[in-house]
Amino acid sequence: DLYGDIPYFEAAGNFEDSDFLPEYDSQEEIYADMLNELEESVEILSSGATFANPGQDLIYEGDLSKWEKLGNSLMLRLAMRLSEVNPTEAEAWVTKAVAGNLLASNDDNAVLHHTDGPTQENMNPRHYQYEREDHQKLSTTFVDWLKANDDPRMMVYSGGIGELGGTIDMDPANQNGMPNGYDLTTIKDYEGVAEDVDIANTYSRNNLLLVNRVAPSILLVYGEVQLLLAEAAERNWISGDPETYYNAGVVAAMTMYDVFAGLPVYVTEQEANDYLTANPY
């Protein structure tokens with residue numbers, strides 16, 4: 001989706017073959033193959049296959065029923081990404097996906113947990129970017145949207161305003177996003193000041209608890225599956241009420257952050273339902 005045509009079928013050839021110029025394949029061909037691979041994988045997973053060593057499964061600890069749900073849910077995601085370019089094919093794959101088991105709650109979320117060592121490979125790979133420099137700030141577009149909709153996840157995403165190691169403003173109402181596209185010089189014009197802008201004490205930083213060394217990597221979640229089903233129901237590709245799927249997706253998405261340790265805010269189901277009341281489908 002990001003690059004268009006890419007090497008796929010001939011990619012990652014072995015060194016002895018000296019295949020350094022693989023053919024570029026079309027998105028259409030790649031999507032078709034990935035969907036077929038998922039279908040074949042789900043068939044194997046549902047046929048009574050077992051893990052030789054469940055302890056080596058870092059996501060589901062050898063629970064193949066959850067891997068089957070993940071396979072079908074990935075199929076649903078890929079199918080819905082085809083919805084505008086090939087609706088007929090997309091609907092056919094959506095039908096296959098929902099005929100099987102999908103992620104059924106946040107307990108089924110595909111989450112890869114990390115540790116602080118013994119090597120870098122065990123850590124969350126995003127920590128390099130976020131822990132090394134204190135230059136990562138939330139976008140003003142994002143913060144303003146959270147504020148305008150009274151979204152209870154503000155302090156899930158924000159690490160507050162202030163110097164690390166100093167006093168941090170954690171009041172949701174005081175959070176302030178940094179405008180996109182400005183550097184340390186042009187930001188002065190934006191703020192209407194002549195002196196340098198104190199970035200750390202002006203704008204909300206990203207919450208490092210979401211991206212530190214031991215923060216888990218989120219691969220696919222129940223909330224996304226429900227939102228995909230809402231879109232499929234809107235297109236009349238599946239049965240069910242789109243609003244019901246949507247509401248379930250929003251609640252699940254808001255309450256899934258308990259996998260991150262030490263957050264100052266964990267959104268409750270009641271808070272998520274209150275959000276839906278104020279921001280209906």
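Heavy-atom basis, side chains included; hydrogens, waters and symmetry copies ignored. Residues: numbered from 1 along the sequence shown.
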Output, in order, the C-alpha distance, side-chain angles, deciding distance and verdict of side chain to side chain donor-acceptor pair (under 3.5 Å) for D189 and T186. CA-CA 5 Å; D189 292 334; T186 57; over 6 Å; no
What distance separates [X] [atom1] from [Y] [atom2], expressed to the nearest 0.5 Å?
{"X": "D151", "Y": "M254", "atom1": "CG", "atom2": "CE", "result": "4.0 Å"}
{"X": "Q136", "Y": "L138", "atom1": "CD", "atom2": "CG", "result": "10.0 Å"}
{"X": "Y31", "Y": "R81", "atom1": "OH", "atom2": "CZ", "result": "5.0 Å"}
{"X": "L38", "Y": "L76", "atom1": "CG", "atom2": "CG", "result": "11.0 Å"}

Under the 3.5 angstrom rule, does the side chain of [X] hit a backbone N or O of [Y] as a donor-acceptor pair?
{"X": "S46", "Y": "E43", "value": "yes"}
{"X": "Q175", "Y": "D171", "value": "yes"}
{"X": "S158", "Y": "S204", "value": "no"}
{"X": "N109", "Y": "Y222", "value": "yes"}
{"X": "N124", "Y": "V211", "value": "no"}
{"X": "N86", "Y": "L82", "value": "no"}

Considering residues at least two apart in sequence or located in another chain, which fulfil the salt bridge (charged side-chain N to carboxylate O under 4.0 Å, His left out) criterion with E84?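 R235.
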State whether a side-chain donor-acceptor pair under 3.5 Å links Y257 with Y157.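 Side chains of Y257 and Y157: pair found under 3.5 Å.
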One thing to verify: whether E195 and K188 come together as a salt bridge, which I'm taking to mean a side-chain N less than 4.0 angstrom from a carboxylate O.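 Judged by the 4.0 Å cut-off on N to carboxylate O distance, K188 and E195 do not form a salt bridge.
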Kindly say whether the aromatic ring centers of Y266 and F260 come within a distance under 6.0 Å. no
In this structure, are over 12 heavy atoms from other groups packed under 6.0 Å from Y281 atom OH?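 Yes, because the 6.0 Å sphere around OH of Y281 holds more than 12 heavy atoms from other groups.
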Going through the checks in order, is the side chain to side chain donor-acceptor pair (under 3.5 Å) test met by T255 and E269? CA-CA 6 Å; T255 58; E269 187 171 334; over 6 Å; no
Applying the side-chain contact (heavy atoms from CB on, under 4.5 Å) test to R213, which of Q120, R126, H127 qualifies? H127
Evaluate the side-chain proximity of E23 to P7: yes if any heavy-atom separation is below 4.5 Å, no if none is.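 Not touching, per the 4.5 Å side-chain cut-off.
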